[in-house]
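Taking it in order: structure first as structure tokens, then the write-up.
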Number of protein chains: 2
Amino acid sequence: MRGVIMHGPGDVRVEERDDPTIVDPTDAIIRLAATCICGSDLWPYRGADPVDHATMGHEYVGVVEEVGAEVRTVKPGDFVVGSFVISDGTCEICRAGYPSSCVHRIFVDGAIGTQAEKARIPFADGTLVATPGQPDPDLIPHLLAASDVLGTGWFAAVAAQAGPGKTVAVVGDGAVGLMGVLAAKQLGAERIIAMSRHKDRQDLARHFGATDIVEERGDAGVARIKELTDGLGAHSVIEAVGTQESMVQAISSARPGGNVGFVGVTHDVELPGQLLFFSQVQILGGPAPVRRFLPELIDLIWRRQIDPGKVFDLTLPLEQAADGYKAMDERRATKVLLTL
Amino acid sequence: MRGVIMHGPGDVRVEERDDPTIVDPTDAIIRLAATCICGSDLWPYRGADPVDHATMGHEYVGVVEEVGAEVRTVKPGDFVVGSFVISDGTCEICRAGYPSSCVHRIFVDGAIGTQAEKARIPFADGTLVATPGQPDPDLIPHLLAASDVLGTGWFAAVAAQAGPGKTVAVVGDGAVGLMGVLAAKQLGAERIIAMSRHKDRQDLARHFGATDIVEERGDAGVARIKELTDGLGAHSVIEAVGTQESMVQAISSARPGGNVGFVGVTHDVELPGQLLFFSQVQILGGPAPVRRFLPELIDLIWRRQIDPGKVFDLTLPLEQAADGYKAMDERRATKVLLTL
């Protein structure tokens with residue numbers, strides 16, 4: 001089969017790889033219907049994370065081709081959506097709603113690499129969810145978004161306790177931040193403030209439910225959020241960047257007793273204890289437990305209540321994956337969908 | 001009246017001060033029945049925080065002598081317990097349950113100083129709670145504890161979401177940590193692990209409800225907590241120290257999806273973003289919203305369901321406050337009660 005290999009920073013190639021086969025009785029083999037490139041794939045592409053001939057990709061939807069003897073909830077022919085973290089679905093952590101911290105978790109990235117024609121998915125019952133039937137083709141980008149960016153934005157909104165009567169601020173206007181806006185809207189937030197200085201992303205944020213746009217960043221951004229909230233700060237803040245500035249901005253933008261959900265993978269962040277102490281803000285983040293939300297997200301997409309696939313602004317065939325990485329690296333695309 | 005003044009580090013004197021008077025119509029003047037010395041008073045005493053002729057003390061119980069024209073819920077003659085933070089009780093933050101972050105908050109420490117015969121308490125309705133009647137003398141230490149250490153330990157346990165079926169670990173065996181043990185027990189925790197290497201405090205922790213004692217600290221302490229919890233970590237962790245080591249230990253001791261309530265005033269803490277991200281632990285802390293809990297705590301004390309006053313292991317008259325500071329500084333006492 002064909003699949004993406006990142007030989008080193010900036011060097012992405014589509015090459016022949018061995019077809020995956022069932023190894024454990026809890027495995028499933030899926031044939032990808034679509035996959036995509038994640039903002040986090042740019043860390044190694046840009047040399048910020050080490051990389052050496054790695055299989056790439058962790059977002060995926062497709063059709064089950066084969067299952068191991070112990071798989072119960074999906075069968076050959078099913079169309080499935082999977083989480084970017086493999087989870088057994090049975091451990092105490094999974095049962096408590098945190099499959100992304102499963103005691104047997106495997107990050108799909110690197111270990112599996114779903115920028116490929118096929119993939120072996122361990123713990124299929126704990127990781128995959130079948131759609132109610134074969135999806136119309138136009139639903140596929142939306143379902144693919146559920147695999148990571150939508151599920152991650154959703155977790156951030158849930159962690160930030162977005163809901164009716166709440167003002168939600170969203171720090172970060174990348175795909176995950178935009179999905180955070182969509183999630184806050186679905187969860188019933190009264191007011192959603194998207195922080196963005198890019199016209200196209202502001203428009204998309206408004207499409208997904210943003211009621212206000214704030215262009216300022218850092219201390220000025222915090223001051224603007226306070227102005228919009230009677231000096232108190234937002235009830236809920238979604239952090240979808242992962243830098244020191246964005247984390248401090250997010251915590252400082254929330255009111256005492258408020259909540260921050262942070263899902264930007266933190267790089268070089270050191271949070272001052274005094275800020276955490278005196279802000280009296282509750283924070284929760286980390287790799288999103290996407291599998292927890294998949295049944296609900298698939299249902300919303302199936303009933304055409306949400307259109308998260310709009311975050312994909314460039315579609316290329318898998319064979320042109322290198323062009324997709326280049327477009328995202330040069331910020332010509334927010335998120336690239338790869339067809340098969 | 002007589003009251004404590006800290007002239008400088010290590011220099012505590014009881015001196016004549018002006019009697020307080022009603023200034024605002026929401027004020028109450030109380031005559032103290034008892035007050036005490038807090039672990040946090042040792043920061044300036046030891047020169048770690050600046051101090052220059054400061055009035056000291058923020059824990060207090062006593063009898064109302066006079067109230068301003070707008071005070072509704074307490075009246076002269078009432079025995080009252082107050083929070084260590086003055087709060088208006090009416091702002092949106094107070095109403096959301098975070099009076100310690102009230103938009104009009106005043107820290108009693110320094111601004112008022114309750115190591116004295118009398119005190120003016122602003123926003124009396126939002127800060128004080130009257131007991132059902134005049135307390136028996138033996139109840140006074142317990143009621144005094146509610147003013148800070150009990151309320152703070154209680155908040156930590158609530159923030160850590162201690163409750164039925166939960167395993168709670170407590171980092172810190174000072175008065176607040178011990179109160180966290182008591183709170184976790186009252187909130188129904190199944191298992192309470194106190195981290196302490198001092199025999200007398202271990203005994204007190206067991207008295208308050210600890211089921212297990214762990215003497216190890218740092219990484220070894222974390223490893224021991226994991227051993228006791230099937231490798232997963234505690235559901236809830238109470239942090240009652242405020243150092244880099246104790247914060248990292250607390251977060252690392254909680255399982256993914258678990259909760260840390262931190263109430264040790266943070267000094268020189270910088271939390272690594274990666275630890276917060278990959279631990280997937282929810283954290284909430286800060287100055288405890290004691291006023292939220294006072295009605296419930298007073299009720300438990302009044303019905304003799306809890307005996308938090310046992311944390312006081314030395315009682316001295318106010319005039320000997322300097323001896324009390326010295327005893328705590330030299331660790332000859334955990335917490336000193338001052339009588340009037």
Side-chain angles (χ1 to χ4, degrees), chain A residues 85 91-103 105 107 155 159 161 165 229-233 235 239 242-244 246-248 251 255-289 292, chain B residues 85 91-103 105 107 155 159 161 165 229-233 235 239 242-244 246-248 251 255-289 292:
Chain A
V85 184
C91 76
E92 208 169 320
I93 304 300
C94 279
R95 283 184 282 125
Y98 289 88
S100 47
S101 291
C102 168
V103 300
R105 82 168 164 199
F107 285 99
F155 170 58
Q161 300 193 13
T229 53
D230 298 326
L232 301 177
H235 298 92
E239 193 286 334
T243 63
Q244 179 75 13
S246 66
M247 286 291 283
V248 170
I251 293 167
R255 68 181 56 197
N259 294 80
V260 170
F262 68 101
V263 290
V265 182
T266 49
H267 278 75
D268 302 322
V269 171
E270 298 271 320
L271 289 183
Q274 297 265 318
L275 172 68
L276 285 169
F277 191 85
F278 287 103
S279 64
Q280 198 143 60
V281 168
Q282 182 160 252
I283 76 171
L284 170 62
R292 187 208 310 177
Chain B
V85 184
C91 76
E92 207 169 320
I93 304 300
C94 278
R95 284 184 282 126
Y98 289 88
S100 48
S101 291
C102 170
V103 299
R105 80 168 166 199
F107 284 98
F155 170 58
Q161 299 192 13
T229 53
D230 297 327
L232 302 177
H235 299 92
E239 192 287 333
T243 62
Q244 180 75 12
S246 66
M247 285 290 283
V248 169
I251 294 168
R255 64 181 59 195
N259 294 78
V260 171
F262 67 100
V263 291
V265 182
T266 48
H267 277 74
D268 302 321
V269 170
E270 298 270 320
L271 288 184
Q274 298 264 318
L275 172 67
L276 284 169
F277 191 86
F278 287 104
S279 64
Q280 198 141 61
V281 168
Q282 183 161 253
I283 76 172
L284 170 62
R292 187 207 308 177

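Values below: all heavy atoms of this structure, side chains included; hydrogens, waters and symmetry mates excluded. Residue numbers begin at 1 in each chain, while the letters A, B, ... track the order of the sequences.
Interface summary for chain B: among Val269(A), Val103(A), Asn259(A), Thr266(A), the most heavy-atom pairs under 4.5 angstrom belong to Thr266(A). Ranked by heavy-atom pairs shorter than 4.5 Å toward chain B, the options Leu276(A), Val260(A), Asp230(A) are led by Leu276(A). Listed options Cys102(A), Ala159(A), Gly258(A), Gly264(A) were ranked by heavy-atom pairs under 4.5 angstrom with chain B; first place goes to Gly264(A). Contacts with chain A were tallied for Val265(B), Leu271(B), Asp268(B), Leu275(B); Leu271(B) has the most, counting heavy-atom pairs under 4.5 Å. Between chain B and the residues Gly257(A), Pro256(A), Pro287(A), the most heavy-atom pairs under 4.5 angstrom are made by Pro287(A).
Interface residue Leu232(A): only side-chain heavy atoms are found under 4.5 Å from chain B. With a threshold of 4.5 angstrom between heavy atoms, Ile93(A) approaches chain B through side-chain atoms but not through N, CA, C or O.
At least one donor-acceptor pair closer than 3.5 Å links the side chain of Arg292(A) to the backbone N or O of Gly97(A). The backbone N or O of Phe277(B) sits nowhere less than 3.5 Å from a side-chain atom of Gln274(B) that would complete a donor-acceptor pair.
Residues His235(B) and Gln161(B) form no side-chain contact, since every pair of their non-hydrogen atoms from C-beta on lies 4.5 Å or further apart. Annotation: side chain of Pro272(B) is in contact with side chain of Gln244(B) (closest heavy-atom distance under 4.5 Å).
For the residue pair Glu239(B) and Ser246(B), the shortest heavy atom distance occurs at OE2-OG, 2.6 Å. The minimum heavy-atom distance between Gln280(B) and Ser100(A), with the atom names listed, is OE1-OG, 3.2 Å.
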